Asker: 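Please read through the structure below; I'll follow up with questions.
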Amino acid sequence: MITFYDFICPPPQATKSGNTWKTRLSLNYKGLPYKTEIIEYAEIAQLYKKNGIPPAIVFPNGYAHHTLPVIKDDITGHDVFVVDSLEIAKYLDKTYPDSPRLIPDVEDVDAQIQEFQNQLNGAVIAALPVMFKASVPHISENSQAFYKAARVRDLNFIFPDKPISSLDDLQFTPEEIHATWASLEQGFDGLSERFGGKNTFRWALGDHITYADLILAGLLLCVKAVHGEDSPQWQGFMTWSDGKWKTFLDNLGPYLSEDN
Ligand SMILES: N[C@@H](CCC(=O)N[C@@H](CS)C(=O)NCC(=O)O)C(=O)O
């Protein structure tokens, strides 16, 4: 049985993390049985250390980054831990070859996924400060301090020319928030051609769902969870690009389940 480690979040949604969603969706798409284990942000490093898992990333300054998603799989009779949603997708393709593939079997697939990731990053990067700030109330109380410190570190890495020492340094006027959403909409319009443009639909890398689609789905589900399904923000988003993103999520249908 596969154990999937996800973040504890206040109800109603189990997760607000686009990163862990990528793996939940991967498992759902493949139809593999799994159980979810919910942990706090501050417990991730302990999970790694207790099980002898090397950090997901070690930065040049020596900072060891421990991240979710992580899975544990005991199919071989002993526990195998896999870290990082892309590595998990590759592991699942290899270990469960009879399930639908997440990573197409083409030579330049890593480059294709990276290109898509870069395109998506380009569409959302300017909105990250607003998005991170909006996420805070949706993080479990015990994880808030940890989460805020982690996001400050991320923002200082992404925007080195605008260093901040606390998320409280970020205060946005309604006009700034409006402008951010307008730029996000423009970014998503730019992305919509890849998904078939106005009257047709295709997935990020072609005719089939792949891991690349799950990157986008994770992000959308995170925005939906943070703002709420009935919020004007989410309802507006679902009309962007002639309803492309609503169609996209609708087409993922049953794979969006949070039942496990
Ligand atoms: N590229 C990684 C990203 C994982 C990642 O950044 N996860 C975040 C979850 S939102 C995390 O665990 N952050 C912990 C921290 O920032 O300390 C993946 O796709 O798995």
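One is the number of the first residue; the rest follow in order along the sequence. Bear in mind that the values here come from a model prediction, so they are computed numbers and not experimental data. In each ligand, atom 1 is the first atom listed, and ligand 1 is the first ligand listed.
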Asker: Just by distance, do the side chain of Y48 and the backbone of T67 share a donor-acceptor pair under 3.5 Å?
Answerer: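 Yes, Y48 side chain to T67 backbone: donor-acceptor pair under 3.5 Å.
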
Asker: Just which atoms of ligand 1 are under 4.0 Å from any heavy atom in S17?
Answerer: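 The list of qualifying atoms is 9 (C), 10 (S).
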
Asker: Output yes when a side-chain donor or acceptor of E43 lies under 3.5 Å from a complementary backbone atom of E40, and no otherwise.
Answerer: yes

Asker: How far is atom 2 (C) of ligand 1 from the closest protein heavy atom, and which atom is that?
Answerer: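 Result for atom 2 (C) of ligand 1: D84 OD2, 3.3 Å.
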
Asker: Any donor-acceptor pair under 3.5 Å linking the side chain of D6 with the backbone of T20?
Answerer: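 The answer is no, because no donor-acceptor pair under 3.5 Å joins these two groups.
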
Asker: For ligand 1, which atoms have a heavy atom of R151 less than 4.0 angstrom away?
Answerer: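 With R151 as reference, the close atoms of ligand 1 come out as 16 (O).
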
Asker: Determine the minimum heavy-atom distance between T200 and K244, stating which atoms define it.
Answerer: O-NZ, 2.7 Å

Asker: If you apply the rule salt bridge (charged side-chain N to carboxylate O under 4.0 Å, His left out), what do you find for K90 with D110, and how did you get there?
Answerer: CA-CA 11 Å; K90 289 180 175 176; D110 283 332; 3.0 Å; yes

Asker: Do the ring planes of W240 and F188 sit parallel (below 30°), tilted (30 to 60°) or perpendicular (above 60°)?
Answerer: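 Correct class here is tilted.
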
Asker: Nearest protein heavy atom to atom 15 (C) of ligand 1, by residue and atom, and its distance?
Answerer: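 Checking every protein heavy atom, the shortest distance to atom 15 (C) of ligand 1 gives H65 NE2, 3.3 Å.
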
Asker: For H66, counting its heavy atoms only, list the atoms of ligand 1 lying under 4.0 Å from any of them.
Answerer: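 Once the distances to H66 are compared, the set is 14 (C).
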
Asker: Report the member of F7, F146, Y5 with the shortest heavy-atom distance to atom 17 (O) of ligand 1.
Answerer: F146

Asker: Give the contacting part of E87 toward ligand 1: side chain, backbone, both or neither, where contact means a heavy-atom distance below 4.0 Å.
Answerer: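 Looking at E87 and ligand 1, no heavy atom falls under 4.0 Å.
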
Asker: Using a cut-off of 6.0 Å, state whether more than 12 heavy atoms not belonging to D207 lie near its atom CG.
Answerer: no

Asker: I need the atoms of ligand 1 closer than 4.0 Å to a non-hydrogen atom of K22, numbered in the order shown.
Answerer: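 Answer, ordered by atom number: 18 (C), 19 (O).
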
Asker: Look at atom 7 (N) of ligand 1 and say which protein heavy atom is nearest, naming residue and atom and giving the distance to 0.1 Å.
Answerer: L68 O, 2.8 Å

Asker: Any idea which protein heavy atom is nearest atom 3 (C) of ligand 1, and the distance to it?
Answerer: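 Protein heavy atom with the smallest distance to atom 3 (C) of ligand 1: N19 OD1, 3.5 Å.
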
Asker: Of all the atoms in ligand 1, which lie at a distance below 4.0 Å from a heavy atom belonging to P69?
Answerer: 20 (O)

Asker: Could you list the atoms of ligand 1 found under 4.0 angstrom from a heavy atom of R153?
Answerer: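 Those atoms are 15 (C), 16 (O), 17 (O).
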
Asker: With heavy atoms only and a cut-off of under 4.0 Å, state how S85 meets ligand 1: side chain, backbone, both or neither.
Answerer: both

Asker: Taking T95 as the fixed residue, which of V80, L32, I75 is the one that meets the side chain to side chain contact (heavy atoms under 4.5 Å, CB included) rule?
Answerer: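 In the set V80, L32, I75, the residue that makes a side chain to side chain contact (heavy atoms under 4.5 Å, CB included) with T95 is I75.
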
Asker: State whether Y147 and R151 meet the cation-pi test: NZ (Lys) or CZ (Arg) under 6.0 Å from the six-membered ring centroid, and within 45° of the perpendicular axis.
Answerer: yes

